[in-house]
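The model shown is predicted, which means the values in this text are computed figures rather than measured ones.
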Amino acid sequence: MNQTCVKLDTGGTMSQYYLFQDTKKCIGCHTCEVVCKANKKLPPGPKLCQIIQVGPKTVGEVPRTSFIYMSCFHCENPWCVSACPTGAMQQRSKDGIVFVDQDLCVGCKTCISACPWGAPQWNQEIGKVEKCDFCMDRIDQGLAPACVTSCTTGCLKFGTVEEMTQIRRERHAASVTSFENTSF
Amino acid sequence: MDKICPVRQTILFLTQLIGPQGLPDPKGRRICEQILVLAEEIAEGTAGEAHLPAIEALVKECNDAGTPEQTRQAGRIIQGLLTDHREVFVNHIQTRNCPTHDCGKLAPSPCQMACPAGIDIPTYLALIAQGKDAEAIEVIRRDNPLPWVCGLICTRPCEMMCVRARIDKAISIKFLKAFAAERAMSERAYTNPTPQPANGKKVCVVGAGPGGLSCAYYLALMGYGVRIIEALPVPGGMLMVGIPRYRLPGEVINREVAMIEDLGVDIRYNTRFGKDVTKDELDREGFEAYCIAIGAHKAWTLSIEGEKEFPKVIEAVRFLRDVALGDHHCPGKNVVVVGGGNVAIDAARTSLRLGAERVTIAYRRTRAQMPADVEEVEQAAEAGIEFSFLTIPTAIKGEGHNIHALACIKAELKAKKGANRLAPVPIEGGEFDIRADVVISAIGQYVDNEGMEAFTGIDWSRRGTIDVNHAGMETAQPGVFAAGDAVSGPATVIEAIGGGKRAADAIDRYLRGIPQPRAPRTPVRHKTEPVIEMTAHEKMTIKPPEMPMLNLYRRRTTFQQVELGYEEADVRREAARCLRCDICRRCGKCVDICRDKMGINALKLGYLDFDESGPTDFRVTAESCITCGACAANCENNALKIDEKDGRRRLLLCGTILNSQTIQYCESCGAKLGSEAYIRFIAGKTRSMTQATETRLLCNNCLRRKAAVSNAANSGALPMR
């Protein structure tokens, strides 16, 4: 079982949500990207979530490619929030979602340069920063983020930490016993 | 804000209609979205003639059968805005200018709005700075057919409003115009635009002064046959017979009038309207409209004892006229001029040049209250003219035909009820005499209405001027228009030119049966010239040139032009000193963002504030600016720009390079990143954070890819690192 768990690097809990991608299932159709942009009405340029093709690499004489879902990790101590001089980049206190208040954004792009994962994106048309906010308007209505809802293979999964604990345990057990130890 | 520009108001209303609380029906929303696009183009100055009809057609769709009442109502409100403020919409489209500043991109420059003729000043200054004198003259002549004349003698209300004066000194707008006109004329590049084909209609203009010439010029361009009736043997009106030659050489007037005659304007000299030619005769000849631009040539009398008895009591306007027409006899040894306006100064300086030994200007208030231009007063004092302030003339004393003295009384200034000007009040026992053998009275002029009896329908004001509707300069009599001093009383050349232009437009409307405008047209912004690039140091330190003057000896003895003009290099530099207020509307958002939002405070642009201008220095920006571009991203008018040139990221304000820093590049893909100062600024902000493992300088795309690759490698065996 292979999957990417959104935000692996900072350790500890970040937002109270998790967004998992099962890279084994992902076919790289980019539907998540398209739906994300349509949902946020974004012009050409910014990609709040992005499927990045890694490979192909030859694994056991078979060329294999994996598609990695990248968006924002919603870190516990976000670089972008620290870097933002205007207070536009914020962390929502109730669930830790990192989002940008565009009314406060002046377009200095410091968050873009500060983020080690390239999560904040530039919207040339309005001269402000755009960023994945887990579709918090949808979450507040009890819906899943747009990308997750539209994923054609169901490789994206979204939930609270509590809901994800069980899945994570099962997946971890499965991956430990897996014959494959890479995603290729 | 209670009075908002109707175009902006329409845009706000439409934005509401297509917002989350807006119209529920999709068709209504679609229509509103389409109207919004068109309305925004109007507010940006990119709209054409078809925009208003297109909007109206869309509004009609709101009333199609089956549309819900809410949409119909919205349609009615939009139609109401269009109907009530049609002229404002048309003005936005035609003039690309929004006088209320609400439509940011169309906010006018203060100099252009201050000009009574509405000349697009920043545009022609930019052209002059580039050495394109003929193009500059073409831009000026769209609003003023006499750029050379105005370049020498305009009272320059534009310079009063010049924003650059808040930093150091106003741009010498006036003289730059004269330079361009002289250069273009001498290079034979000063040309007339191609007029419309003749339409067979004839218009008569009474008076060949600046108002009449301006009216005739624009009518001729529109294809009308124009005849000017002029009582004097020379063109120019007060330009020729009021303003002395040392300020305005006759050749300048003659050359510019010749350009107007070249368009087919027929000037009949030595012809007094009402005496040598009558309205009936002209009517019979087929003249369908008249423009009265007879000026104000009659002098007020002093009304003091002795005024009528002595032949050497001369009216200044008559004196100046006689001198202009060739009578160069010295009026007398001791000349006293009564009055404090430009005419008084002109009469005094002229007397000096004709050989008067002692010239005194007697004025009843003080130097500070003199209506004359400050420079004129200074030049007069330099030439040795004496001033007697707080002096009220009471009588002219003499024997036989000879004057001995002007009897005066000293005055003091006192506030008077109901008057906003301090009034001179005689001091008891303050009588004194000024030695004089000539007294020239220059206390003001009024309109000589002799010969105007044929215009039975026009109204005259209490001040003896012609009453008009200032939007179109129409008098109460249909087909009769008026402009210049005849309307305003003694005023400025540029006001007369603006009035003449408006009258020409109104006459055209009258003869084509189009209703007259209700409000004067906003000045037209012809185009936006590209900015001129220069360093902050240069922009700050260009010094306005000093005007070289004719030496004092010649100024006392000859009528040679006093102001000798700038060198070409000075002219180009001076024009480039312009801050380009046609682009930057001085909203101050950039300063607020840099100081309050970014906490950097690199912009020192005190001149942006009209009421309380602070210090300005373009050079200090480079010390602390990190070229983040937040100011540029929020500049609605693209006055502030971030660009990249020769490996450097630069911040420019209307062409002034405020900062320039070396660009850093992504070490993986070579994409452009921020400058070192910018990266340092961010590092300062994130100092307390865990050190990111990456030490290479990478762009956000490469960072994302790198994270993806590391995830792909890890995810199988170790989902959590």
Peer 1: If you measure from SG on A:C108 to CD1 on B:I626, what distance do you get to the nearest 0.5 Å?
Peer 2: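 Answer rounded to 0.5 Å: 7.0 Å.
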
Peer 1: Do you know which two heavy atoms are closest between B:T686 and A:A114, and how far apart they sit?
Peer 2: CG2-CB, 4.2 Å

Peer 1: Taking atom NZ of A:K40 as the centre, does the number of heavy atoms from other residues, nucleotides or ligands within less than 6.0 Å exceed 12?
Peer 2: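 Yes.
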
Peer 1: Does atom CD of A:Q53 have more than 12 heavy-atom neighbours from other groups under 6.0 Å away?
Peer 2: yes

Peer 1: Minimum heavy-atom separation for A:I68 to B:A708, with atom names?
Peer 2: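 Taking every non-hydrogen atom into account, CG1-O, 3.6 Å.
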
Peer 1: Please round to the nearest 0.5 Å and tell me the distance separating atom CG of B:L703 and atom SG of A:C115.
Peer 2: 7.5 Å

Peer 1: Measuring only between side-chain heavy atoms, which start at C-beta, is A:T110 closer than 4.5 Å to B:K685?
Peer 2: no

Peer 1: Heavy-atom pairs under 4.5 Å with chain B: which of A:G87, A:A119, A:G127, A:A83 has the most?
Peer 2: A:A83

Peer 1: Can you measure from NZ (A:K47) to CG (B:N700) and round to the nearest 0.5 angstrom?
Peer 2: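 Nearest 0.5 Å value for the NZ-CG distance: 11.0 Å.
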
Peer 1: Can you name the closest pair of heavy atoms from B:M598 and A:V106 and give their distance?
Peer 2: SD-CG2, 3.7 Å

Peer 1: Measuring only between side-chain heavy atoms, which start at C-beta, is B:F681 closer than 4.5 Å to A:P85?
Peer 2: yes

Peer 1: Of all the heavy-atom pairs spanning B:Y678 and A:S113, show the shortest one and how long it is.
Peer 2: CE2-OG, 3.3 Å

Peer 1: Can you give me the closest heavy-atom contact between B:A707 and A:M70, atom names plus distance?
Peer 2: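 It is CB-CE, 3.4 Å.
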
Peer 1: Answer yes or no: is there a donor N or O on one side and an acceptor on the other, between the side chain of B:R705 and the main chain of A:V54, under 3.5 Å?
Peer 2: no

Peer 1: Grab the two heavy atoms, one from B:A633 and one from A:G107, that are nearest each other, plus how far apart they are.
Peer 2: CB-O, 4.4 Å

Peer 1: With rounding to the nearest 0.5 angstrom, report the CZ to OG distance, B:R704 to A:S71.
Peer 2: 7.0 Å

Peer 1: Please report the interatomic distance SG(A:C105) to CG(B:N634), rounded to the nearest 0.5 Å.
Peer 2: 8.0 Å

Peer 1: Using a cut-off of under 4.5 Å on heavy-atom pairs, state which of B:C699, B:G684, B:A630 scores highest against chain A.
Peer 2: B:A630

